[in-house]
Amino acid sequence: MIAIITIKKIAEIANVSVGTVDRIIHNRGQVTEENIAKVNAIIKEHGYKKNIFASNLAFNKKFIFAVFLPSNEGLEYWKAPVIGIIKAAQEFANFGVTIDYYYYDYNTTSFNTNANNILENEYDGLLFAPIFYEESVSFLTEYKKKNSPIVLIDSNIPEIDTITYIGQDSYQSGYLGGKLISFGMKEETNVLIIQITRFLESTSRTNVYLQRIKGFYSYFEEKKELPKFNFTEVSIKYDTENHLSTDMFNGIDCVFIPNSRVHVVAKFIKENELKGIRIVGYELLKQNLEYLNNGVIDFLIHQKPEEQGYLGINHLYKKVVLKEAIDELPIIPLEIIVRENYIPNKDK
């Protein structure tokens with residue numbers, strides 16, 4: 001059994017007062033170099049750790065984290081990380097943690113307005129899901145000057161260093177999408193890539209979106225032993241199905257949708273009774289699961305957005321409240337969901 005050493009015990013061993021030990025631990029007051037060396041040697045030998053909980057409670061200390069996410073109104077995907085964030089916030093509320101939420105609409109004006117509001121306030125930490133790449137880089141560059149920890153979820157911006165990312169490797173998930181499309185194909189195959197975006201302009205593509213597409217093509221470039229794959233790309237607007245037509249699917253064997261709106265395509269394929277088309281997309285949205293369970297969607301790649309939200313706040317809590325030195329967090333593993341391995345969570 002390992003005994004937990006106390007300040008009182010350290011004082012006894014060092015033959016100094018409890019007040020002296022306290023001043024050394026908290027770096028306050030005048031203490032001789034001899035006593036500092038003596039006390040620190042005992043601390044190192046016995047592994048004393050400050051009781052952060054007691055210290056924070058004694059001073060009634062509060063910690064406020066900013067959460068900066070895309071608006072989730074009518075969007076099931078972006079509701080998921082909020083569920084995880086709220087769960088973490090409830091767990092840590094007793095230790096002085098509160099959350100300020102900022103939601104930006106899908107335009108740069110809304111993003112910049114919310115970003116400026118965050119910059120005008122003082123927070124102990126930030127959890128942020130970037131969509132607009134250039135605007136996000138500018139915002140993070142300014143926020144870093146505050147020297148408070150930053151956690152990114154959903155999409156990473158590796159150009160900004162000393163920032164923690166909790167999510168999946170977007171390039172690798174696109175690479176996996178390519179593997180799922182090609183699985184078992186023995187003959188020449190025609191693949192349709194449908195990019196479902198809010199705006200048809202290429203400038204609206206998010207970094208995670210672009211990385212998935214890049215990873216997807218890389219798989220086929222590397223696998224020279226595969227049969228011939230022919231690719232066609234089309235873009236349709238996020239909030240309408242009118243851009244789809246049966247002519248798009250003539251001769252198509254597989255469809256890859258690099259975001260969570262795969263149900264839009266699955267619905268069209270089912271309603272028009274288009275047979276023998278493999279569909280690969282992302283996320284366990286209610287509508288996606290409906291078409292997975294009835295066999296229209298073949299594979300869903302899941303990146304656990306709820307877990308990302310929870311782990312993001314948990315990381316800030318450990319770093320800011322507990323003052324723990326945290327190693328770099330591992331990338332969240334990719335999950336392949338098919339009809340046969342999906343187990344509904346009845347609590348959700």
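Quantities reported herein were computed from a predicted structural model and do not represent experimental measurements.
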| Donor-acceptor pair, side chain of Asp124 and main chain of Phe65, under 3.5 angstrom | no

| Looking only at atom types and distance, does a side-chain atom of Asn190 sit under 3.5 Å from a main-chain N or O of Gly251, one as donor and one as acceptor? | yes

| Qualifying residues under side chain to side chain donor-acceptor pair (under 3.5 Å), relative to Thr32, sequence neighbours excluded | Asn35

| query | Which heavy atom in Ser182 sits nearest to a heavy atom in Phe220, and how many Å separate them? | reply | CB-CE2, 3.9 Å

| field | Glu122: salt bridge (charged side-chain N to carboxylate O under 4.0 Å, His left out) partners, not counting sequence neighbours | value | Lys146

| Has the side chain of Arg278 got a donor or acceptor atom that lies under 3.5 Å from a matching backbone atom of Ile181? | yes

| task | Check salt bridge (charged side-chain N to carboxylate O under 4.0 Å, His left out) between Lys79 and all other residues, then give those that pass, not counting sequence neighbours. | result | none

| query | Which ring-ring contact (aromatic ring centres under 6.0 Å, His included) pairs, counting each pair once, include a residue from residues 169-192, with sequence neighbours left out? | reply | Tyr175-Tyr219

| Under the salt bridge (charged side-chain N to carboxylate O under 4.0 Å, His left out) test, which residues partner Asp247, sequence neighbours left out? | none

| said: Determine whether a donor-acceptor pair (N or O, by modelled atom type, separation under 3.5 Å) exists between the side chain of Asn288 and the backbone of Leu284. | reply: no

| query | Does the side chain of Tyr102 come within less than 4.5 Å of Asn121's, by heavy atoms? | reply | yes

| field | Side-chain ion pair, Lys145 and Glu142, N-O less than 4.0 Å | value | yes

| remark: Sorted by chain and residue number, the side chain to side chain donor-acceptor pair (under 3.5 Å) partners of Tyr217 (sequence neighbours excluded) come out as Glu233

| request: Could you verify whether a donor N or O on one side chain and an acceptor N or O on the other, from Lys144 and Thr162, lie under 3.5 Å apart? | output: yes

| task | Starting at CG of Leu126, measure out to CG of Leu152 and round the result to the nearest 0.5 Å. | result | 8.0 Å

| Given Leu300 and His302, is the side chain to side chain contact (heavy atoms under 4.5 Å, CB included) satisfied, shown in steps? | CA-CA 6 Å; Leu300 289 173; His302 182 40; over 6 Å; no

| request: Check whether any side-chain N or O of Asn314 sits under 3.5 Å from a backbone N or O of Tyr310 as a donor-acceptor pair, and report yes or no. | output: no

| Any donor-acceptor pair under 3.5 Å from Thr189 side chain to Glu187 backbone | yes

| message | So does Leu75 get a backbone contact from the side chain of Asn72, meaning a donor-acceptor N/O pair under 3.5 Å? | response | no

| note | In short, Asn294 meets Lys270 closest at the heavy-atom pair ND2-NZ, 3.3 Å

| field | Under 3.5 Å: donor-acceptor pair, side chain of Asn259, backbone of Tyr282 | value | no

| query | Is there side-chain contact between Tyr104 and Pro70, with at least one heavy-atom pair below 4.5 Å? | reply | yes

| Out of curiosity, Thr141 OG1 to Glu159 CD, how far, rounded to the nearest 0.5 Å? | 10.0 Å

| Do any N or O atoms from the side chain of Asn341 and from the backbone of Val338 form a donor-acceptor pair under 3.5 angstrom? | yes

| query | Going by heavy atoms in the side chains, are Glu188 and Phe229 under 4.5 Å from each other? | reply | no

| query | Looking at Glu290 and Lys286, does any basic side-chain N land under 4.0 Å from a carboxylate oxygen? | reply | no

| request: Output the distance between atom CD1 (Ile42) and atom CD1 (Ile13), rounded to the nearest 0.5 Å. | output: 5.5 Å

| message | Can you confirm whether the side chains of Tyr209 and Ser170 place a donor and an acceptor under 3.5 Å from each other? | response | no

| Are side-chain N/O atoms of Tyr291 and Asp298 paired as donor and acceptor at under 3.5 Å? | no

| Are Thr113 and Ser110 close enough that a side-chain donor and a side-chain acceptor fall under 3.5 Å? | no

| Where is the tightest heavy-atom contact between Pro130 and Ser136, given as atom of each residue plus distance? | CB-OG, 3.3 Å

| With a 4.5 Å heavy-atom cut-off, do Phe111 and Tyr106 have their side chains touching? | no

| query | Any salt bridge between Lys304 and Glu335, counting N to O under 4.0 Å? | reply | yes

